[in-house]
Amino acid sequence: MAAVVLAIAVAGCGAGSDDKPKAAQDPSSVKSQGGAPKSQAPSNAPQPTPTEVLATVNGEAGMTLLINKAARDAGGFLTVEGQLKNTGSAPYVNTAPWRGNELNSSGVSVAGVTLVDKVGKKRYYVLRDTDGRCLCTTGLAIIEAGQSVPFFAQFPAPPAGTTEVEFSLPTFATATVKISG
């Protein structure tokens, strides 16, 4: 009896005229219900949205700072994210000022960035972990010509009524940034 059930089960799995398993078939040969080949992505699929730019500021030697996000986090923090772009023709090596007065606990970083709430008359510094390392991008020793490097820095969140802050990273101009969230 068990042999009969096994024989029926094996015969049921082998139904079909194709020798290849469906996973090994060419995706363009798989037909939709209308008889046309299925496309990999529907033509009306949402396209990725371009990254919003909240501020762009120039620094020395062709460096440009793009700020893409300044958002409040649930834990009472404000995270700023963006890109550092070397639009110059030579590698940029003067990244040491970006760490501010940092004492090597974070190495070469953007720990020198500050936010100023002009309305609340308060300056915010990058947060530190329990070992004293900044909650920010580290390891920025050289930025090659044409290279774009992402950065982030996390701060204590200003009061809920504060909607914009002044963002300042050494060697760059100051930028006014709107806070979301």
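This structure is a prediction, so every number in the text was calculated from the model and none was measured. Every heavy atom of this structure was used, including side-chain atoms; hydrogens, water molecules and symmetry mates were not.
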In terms of hydrophobic clusters joined by side-chain contacts under 4.5 Å, are [X] and [Y] together?
{"X": "Ile179", "Y": "Leu115", "value": "yes"}
{"X": "Tyr92", "Y": "Val57", "value": "yes"}
{"X": "Val108", "Y": "Leu84", "value": "yes"}
{"X": "Phe172", "Y": "Val177", "value": "yes"}
{"X": "Leu66", "Y": "Met63", "value": "no"}

If you take all heavy atoms of [X] and [Y], which pair is closest and at what distance?
{"X": "Ala153", "Y": "Cys136", "answer": "CA-CB, 4.0 Å"}
{"X": "Val80", "Y": "Phe167", "answer": "CG1-CE1, 3.6 Å"}
{"X": "Asn68", "Y": "Glu52", "answer": "ND2-O, 2.9 Å"}
{"X": "Val126", "Y": "Val110", "answer": "CG2-O, 4.2 Å"}
{"X": "Arg72", "Y": "Pro159", "answer": "NH2-O, 3.1 Å"}
{"X": "Ile67", "Y": "Ala175", "answer": "CD1-CB, 4.3 Å"}

Note to self: Distance check, rounded to the nearest 0.5 Å: Gln83 atom CD versus Ser148 atom OG?
What the structure shows: 4.0 Å

Note to self: Against Val116, only a single residue in Lys121, Arg123, Lys122 fulfils side-chain contact (heavy atoms from CB on, under 4.5 Å); can you say which?
What the structure shows: Arg123

Item checked: side-chain contact (heavy atoms from CB on, under 4.5 Å) partner of Thr171, chosen from Asn58, Thr95, Asn94 -> Asn94

Next item on the list: Would you check if the side chain of Asp129 reaches a backbone N or O of Arg133 as a donor-acceptor pair within less than 3.5 Å?
Entry: yes

Margin query: Could you check whether any side-chain N or O of Thr114 sits under 3.5 Å from a backbone N or O of Tyr125, counting only pairs where one atom can act as donor and the other as acceptor?
Written below: no

Between [X] and [Y], is any pair of side-chain heavy atoms under 4.5 Å apart?
{"X": "Leu65", "Y": "Thr56", "result": "no"}
{"X": "Leu127", "Y": "Phe77", "result": "yes"}
{"X": "Pro158", "Y": "Val165", "result": "yes"}
{"X": "Asn86", "Y": "Thr64", "result": "no"}
{"X": "Phe152", "Y": "Lys69", "result": "no"}
{"X": "Asp73", "Y": "Gln154", "result": "yes"}

Item checked: Pairwise salt bridge (Lys or Arg N to Asp or Glu O under 4.0 Å) hits with a residue in residues 144-171, at least two apart -> Glu164-Lys178

Notebook entry, point to check: How is the hydrophobic cluster of Ile142 composed, in terms of its other members, when Ile, Leu, Val, Met, Phe, Trp and Tyr link through side-chain heavy atoms under 4.5 Å apart, directly or indirectly?
Noted result: Val93

Check: Going through the distances and angles, do Ser109 and Trp98 end up as a side-chain hydrogen bond (donor to acceptor under 3.5 Å, both in side chains)?
Finding: CA-CA 6 Å; Ser109 65; Trp98 298 349; over 6 Å; no

Next item on the list: Output all residues satisfying ring pair (Phe, Tyr, Trp, His ring centres under 6.0 Å) with Phe155, sequence neighbours left out; order by chain, then residue number.
Entry: none

